[in-house]
Amino acid sequence: MPCIFVSRDQFPSVLYEKLRQVGELRVYPYGKPAWLTAGIPKDELKRAAEECDAMVVYIGDRVDAEVLSNARVKIISTVSVGYDHIDVAEARRRGIVVTNTPEVLVDATADLAVGILLALVRRIVEGDRLVREGKAYDIWGALMGSDLRGKRAGIVGLGNLGTAIAKRLLAFGAEVVYWSRNRKPQVEFALGIKYVDLDELLATSDFVILAVSLAPETRHLMNWERFQKMKRGAYLINVARGAVVDTEALIRALKEGILAGAALDVFEVEPLPHTHELTKFPNVVLTPHIGSAAEDTRRRMAEIAAENVVRFFRGERPLYVVA
Ligand code: NAP
């Protein structure tokens, strides 16, 4: 029977049940120390790649060229849609199949995107703190925020996630524009949203929402030059990947008042240290990469990640192959 490595023992049980149908599992006991470093130790990943036929991993597990340097593994299944933690080019070169779990997590992540946008622009987190701290407040003047109706939301990256966010923001009465590598005339027509180039999006949007995958072309897409192009007083929302934003440039944009605030579910370094400068801004909402952290969604992701492996060992095409 093939050896299947699973990088943690806390995935929904369906994942282990399905995988046991086709192989013998080697499950990494993912404890608290590992959580503090986001993924499992590199030498454990390397050993798994050398000794097992399949690996099931999550976004903190960095499967780079060194991990694959002596690999026997034939399939890497990530329980996520993003696969920037895997050196896909190297995997492809070695004939290793890489699979992911798109689509099922789109609604949950779009919900979170709108949730943190609202938390930011309506100052919900600040309001919660103010009430708990027992400070005096004026019920007319306290914590004035921004409307959504009539404001322009600019979505960067109109894939599944960007499209789902667009639908939600339209329901709130916002005007939605987007920029994406490939223009999507059918989505434009179906939703009534407008394509603009990135400079125009940045210059005119009240809310800029990042929903683009992390790739060499999108790393630090939001750099200082682009922050300077933003409408003054706009808000930035990032539910994509931390490295799509240059964190230093973001902090400068907050300090110089280019941004009225930011809502971030993802960071260049995860977990974000609680002493990080970003935690000092009252106008920044921070969530710990919980875009897909909803029970049914996570169960479906686990099921699909396992199904990809099951199909592979049965000689069928996995459901979602990225390389
Ligand atoms: P998707 O449907 O595959 O869409 C990918 C998007 O990224 C598209 O807009 C695509 O542009 C763009 N893109 C990909 N490679 C690019 C490149 N090299 N240069 C420029 N644009 C590029 O994926 P999705 O479901 O929308 O998810 C998007 C990303 O969100 C994921 O990759 C993941 O990193 C992140 N995400 C985060 C969470 C979370 O927990 N916070 C949850 C889910 C997803 P075109 O379509 O125009 O080609």
Side-chain angles (χ1 to χ4, degrees), residues 38-39 57-62 78-86 88-89 98-117 119 154-169 176-188 190-191 193-198 201 208-223 226 236-245 262-272 285-298 300-302 304-305 319-323:
V57 297
Y58 193 55
I59 49 182
D61 306 322
R62 302 219 69 82
T78 182
V79 195
S80 61
V81 56
Y83 46 85
D84 47 279
H85 53 297
I86 300 170
V88 174
V98 180
T99 64
N100 67 343
T101 65
E103 297 173 7
V104 285
L105 74 178
V106 167
D107 282 332
T109 310
D111 292 347
L112 195 271
V114 176
I116 60 175
L117 186 154
I155 297 180
V156 178
L158 201 75
N160 289 322
L161 178 57
T163 305
I165 295 170
K167 286 179 187 163
R168 283 159 174 75
L169 292 179
V176 176
V177 298
Y178 80 98
W179 170 83
S180 204
R181 169 178 64 166
N182 296 300
R183 196 170 166 174
K184 315 280 167 71
Q186 285 159 330
V187 185
E188 284 172 40
L191 300 187
I193 64 175
K194 192 172 134 196
Y195 174 88
V196 293
D197 67 34
L198 186 54
L201 184 148
V208 171
I209 300 136
L210 305 176
V212 77
S213 296
L214 177 61
E217 301 79 22
T218 60
R219 182 171 294 275
H220 287 191
L221 179 110
M222 285 309 298
N223 54 23
R226 292 223 167 87
L236 182 80
I237 290 87
N238 187 8
V239 285
R241 281 289 180 268
V244 173
V245 176
L264 313 167
D265 185 46
V266 285
F267 312 102
E268 287 199 86
V269 176
E270 291 180 352
L272 186 77
V285 170
L286 306 165
T287 50
H289 206 143
I290 52 171
S292 66
E295 266 180 46
D296 294 346
T297 294
R298 284 281 168 87
R300 289 288 296 139
M301 290 166 70
I304 291 168
L319 292 172
Y320 299 101
V321 176
V322 302

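All ligand and atom numbering here is 1-based and tracks the order in the structure. This chain uses plain numbering: 1 for the first residue, then up along the sequence.
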Reported CG-to-CZ distance for the pair D197 and R183, which is rounded to 0.5 angstrom
11.0 Å

Straight-line distance of Q186 CD to T163 OG1, nearest 0.5 Å:
11.5 Å

Below a 4.0 angstrom heavy-atom separation, can you tell me which part of [X], side chain or backbone, both or neither, approaches ligand 1?
X	value
T163	neither
K184	side chain
A211	backbone

Which heavy atom of D107 sits nearest to which heavy atom of R168, and what is that distance?
OD1-NH2, 3.1 Å

Write down the atom of T78, the atom of T101, and the distance for their closest heavy-atom approach.
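So the minimum-distance heavy-atom pair works out to O-CG2, 3.6 Å.
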
Can you pull out the closest protein heavy atom to [atom]? Residue, atom name and distance to 0.1 Å, please.
atom	result
atom 35 (C) of ligand 1	A240 O, 3.5 Å
atom 23 (O) of ligand 1	V81 CG2, 4.1 Å
atom 18 (N) of ligand 1	E217 OE1, 2.6 Å
atom 48 (O) of ligand 1	N182 ND2, 2.7 Å
atom 2 (O) of ligand 1	N160 N, 2.9 Å
atom 19 (N) of ligand 1	T218 CG2, 3.5 Å
atom 30 (O) of ligand 1	L161 CD2, 3.5 Å
atom 21 (N) of ligand 1	V212 CG2, 3.5 Å

Under 3.5 Å: N/O of [X] near N/O of ligand 1:
X	value
L214	no
R181	yes
V239	yes
G159	yes

Could you name the option among G82, A243, S180 that has the heavy atom nearest to atom 47 (O) of ligand 1?
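Heavy atom nearest to atom 47 (O) of ligand 1 belongs to S180.
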
Of the listed options (G242, S213, P216), which comes nearest to atom 7 (O) of ligand 1 when hydrogens are ignored and any heavy atom counts?
S213

Polar side-chain atom of Y178 near backbone of K184 as donor-acceptor pair, under 3.5 Å
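Yes; at least one donor-acceptor contact below 3.5 Å.
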
Distance-only side-chain donor-acceptor flag, R241 / S213, under 3.5 Å:
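Judged by distance alone, the side chains do not pair up.
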
